[in-house]
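First up is the structure itself, then whatever we jot down about it.
Start at 1 and go down the list; that is how both ligands and their atoms are numbered. As a basis for the values below, the full set of heavy atoms in this structure was taken, side chains included, without hydrogen atoms, waters or symmetry mates. Predicted model, so just to flag it, every value in this text is computed and none were measured.
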Amino acid sequence: MDRFCRKVGYLRVSVTDRCDFRCTYCMAEKMQFLPRRDLLSLEELDRLCSAFIDLGVTKLRVTGGEPLVRRDVMQFFRRLSRHLDSGALRELTLTTNGSQLARHAADLAACGVRRVNVSLDTLNPEKFASLTRRGQLAPVLEGIRAARDAGLRVKINTVALKGFTEEELFPLVDWCGAEGHDLTFIEVMPMGQSAVEERLDQFWPLSDLRARLAMRYSLTDMAETTGGPARYVRLAETGQKIGFITPLSHSFCESCNRVRLSCTGELFTCLGQEGSSDLRGVLRESDDAAALKTAIRAGIGLKPAGHDFDYSRQTVAGAMRRTMNHTGG
Ligand code: SAM
Ligand code: SF4
């Protein structure tokens, strides 16, 4: 419980800052990644996650960077699955760019993963290659199919980008409808080295995206929330549920239930604030689980009221130099 009486039950863990893509809204083309010695070992990650679970975390999402490019990441999933077996953890899930999903989907399902979020901004192979700077669409689609075949529920996450997503909108909605995938749109957040210069140009408010969607479909607001930041609409024509995450045009911090752990053991209690607590030091100082839990409690106690992202007045406020791959999106 934080000082604003928000129950923190959801941990997102970045297992690496590395990635095989360089999405334009996430990373610089020439990324300097962290030295490997700075990264937590899989055993350290497991100790940390287990301490969070002991303290009441019931939902854990593995992310990055690209989590599936970390060597032996499946060992980590396998170990974490004991917390599903014991009932302490209700959900173990991951966010991935899908490039390596085809070879891991069945193992993920065997570890108790039931849902995956796959980031996909276009179904056009050329545009995909250009937006991700080095990614290929075909293996991602193959990964999504493999996930579905393995019984995993797939949610597609699409970042709304001005001058880009307008054309991708209907193909993505139609494809998700036909394939039975949930779809959520996310406003681009001002994170990363060039956040201030580039993100304002990239920002396409979801109110505009929604208006475009309404040109073709009848939208009905749904009362349902999952306790997270998404708000949902139902498309009358297809019955599809579409989510909107609007960190810029609308704040949802008062009900925020999540914290993030970076791959170096920093605890970030807000995606949009600089403050963090170092858990790696405590972890490497001793094997004492009690000391670790005290440090986690202290970190949670510092969770701020909310973020300050704001693109109004044609400037970017609250921008973060930290990139999304470091914090874990
Ligand atoms: N590599 C994996 C992936 O792309 O799904 C997991 C990590 S990625 C950082 C997690 C999510 O953050 C992705 O859905 C990505 O689209 C999103 N993301 C990255 N940079 C963003 C930004 N500046 N604003 C909003 N979302 C962003
Ligand atoms: Fe990699 Fe995901 Fe960032 Fe794209 S959004 S560069 S796939 S970490």
Side-chain angles (χ1 to χ4, degrees), residues 12-34 61-70 73 93-101 104 115-122 128-137 139-140 143-144 147 154-162 164-165 168 172 182-206 209 228-230 243-249 258 260-263 268 271-272 307 309 311 316 318-329:
R12 297 170 81 109
V13 187
S14 172
V15 294
T16 177
D17 63 330
R18 283 159 208 268
C19 188
D20 49 348
F21 293 0
R22 298 286 183 279
C23 303
T24 55
Y25 50 78
C26 179
M27 290 191 188
E29 183 144 27
K30 292 198 176 73
M31 273 299 283
Q32 191 72 44
F33 292 111
L34 294 164
R61 177 177 296 280
V62 178
T63 178
E66 174 45 42
L68 298 182
V69 301
R70 178 150 180 178
V73 72
T93 173
L94 98 146
T95 299
T96 173
N97 65 22
S99 67
Q100 317 293 316
L101 193 52
H104 291 305
R115 299 191 302 150
V116 288
N117 287 2
V118 182
S119 305
L120 182 64
D121 301 312
T122 172
F128 185 91
S130 139
L131 190 73
T132 60
R133 292 203 186 98
R134 54 183 68 183
Q136 285 186 352
L137 180 63
V140 172
I144 293 172
V154 175
K155 178 161 79 82
I156 302 296
N157 280 339
T158 302
V159 176
L161 300 166
K162 187 161 73 187
F164 184 93
T165 309
E168 311 312 309
L172 277 167
D182 293 329
L183 172 61
T184 291
F185 292 101
I186 308 171
E187 281 177 340
V188 70
M189 289 177 260
M191 304 195 61
Q193 293 295 331
S194 51
V196 178
E197 302 86 53
E198 282 179 10
R199 300 297 173 258
L200 185 59
D201 291 343
Q202 292 177 323
F203 180 54
W204 192 33
L206 291 193
L209 183 151
F244 297 103
I245 300 184
T246 53
L248 281 305
S249 47
R258 61 197 59 196
R260 292 174 161 83
L261 189 63
S262 78
C263 52
F268 291 101
L271 186 59
H307 65 69
F309 293 145
Y311 288 134
V316 180
M320 308 286 304
R321 295 200 76 70
R322 204 168 74 219
T323 50
M324 200 73 141
N325 68 307
H326 180 71
T327 320

Review point. Taking only heavy atoms of E187, which atoms of ligand 1 are found under 4.0 Å from at least one of them?
Key: 25 (C)
Practice item. Answer yes or no: is there a donor N or O on one side and an acceptor on the other, between the side chain of R61 and the main chain of L94, under 3.5 Å? Key: yes
Check your understanding: Is any side-chain heavy atom of R133 closer than 4.5 Å to a side-chain heavy atom of T24?
Key -> yes
Exercise for review: Considering the heavy atoms of F21, write down every atom of ligand 2 situated less than 4.0 Å from one of them.
Suggested key: 6 (S), 7 (S)
Review point. Do the non-hydrogen side-chain atoms of V15 and V73 ever get within less than 4.5 Å of each other?
Key: yes
Check your understanding: At the 4.0 Å heavy-atom cut-off, does S119 count as touching ligand 2?
Key -> no
Point to revise | Side-chain donor or acceptor of T16 paired with backbone N/O of G65 under 3.5 Å | key: no
Exercise for review: With heavy atoms of M189 as the reference, note each atom of ligand 1 found under 4.0 Å away.
Suggested key: 22 (C), 23 (N), 24 (N), 25 (C)
Exercise for review: Please say whether G65 places an N or O atom under 3.5 Å from an N or O atom belonging to ligand 1.
Suggested key: yes
Exercise for review: Please state whether the separation between atom 3 (Fe) of ligand 2 and some N/O/S atom of C19 is under 2.8 Å?
Suggested key: no
Study note, to complete from the structure: For G65, the ligand 2 atoms with a heavy-atom partner under 4.0 Å come out as 8 (S)
Check your understanding: Do side-chain atoms of R18 reach the backbone of L34 as a donor and acceptor pair under 3.5 angstrom?
Key -> yes
Revision key, fill the gap. Numbered in order shown, the ligand 2 atoms found under 4.0 Å of a heavy atom of C23 are 4 (Fe), 5 (S), 6 (S), 7 (S)
Point to revise | R12 side chain to T95 backbone, donor-acceptor under 3.5 Å | key: no
Exercise for review: For atom 7 (S) of ligand 2, state which one of N97, T16, D17, T132 supplies the nearest heavy atom.
Suggested key: N97
Practice item. Answer yes or no: is there a donor N or O on one side and an acceptor on the other, between the side chain of D121 and the main chain of V159, under 3.5 Å? Key: yes
Review point. At a 4.0 Å threshold, what atoms of ligand 1 neighbour a non-hydrogen atom of V159?
Key: 16 (O), 26 (N)
**Study point:** T63 contact mode with ligand 1 (heavy-atom cut-off under 4.0 Å)
**Key:** side chain
Practice item. Please indicate whether any nitrogen or oxygen in Y25 is less than 3.5 Å from any nitrogen or oxygen in ligand 1. Key: yes
Study note, to complete from the structure: Going by the 4.0 angstrom heavy-atom rule, the piece of V188 near ligand 1 is both
Practice item. For ligand 1, note which part of T96 has a heavy atom under 4.0 Å away: side chain, backbone, both or neither. Key: backbone
**Study point:** Side-chain donor/acceptor of T184 to backbone N/O of F244, under 3.5 Å
**Key:** no
Check your understanding: With respect to atom 4 (O) of ligand 1, which of S99, S119, G135 exhibits the smallest heavy-atom separation?
Key -> S119
Check your understanding: Should E66 and T96 be marked as a side chain to side chain donor-acceptor pair (under 3.5 Å) after you check the CA-CA gap, both sets of side-chain angles, and the distance that decides it?
Key -> CA-CA 6 Å; E66 174 45 42; T96 173; 2.7 Å; yes
Check your understanding: For ligand 1, which atoms have a heavy atom of G64 less than 4.0 angstrom away?
Key -> 7 (C), 9 (C)
**Study point:** Donor-acceptor contact present, side-chain E187 to main-chain F203, <3.5 Å
**Key:** no
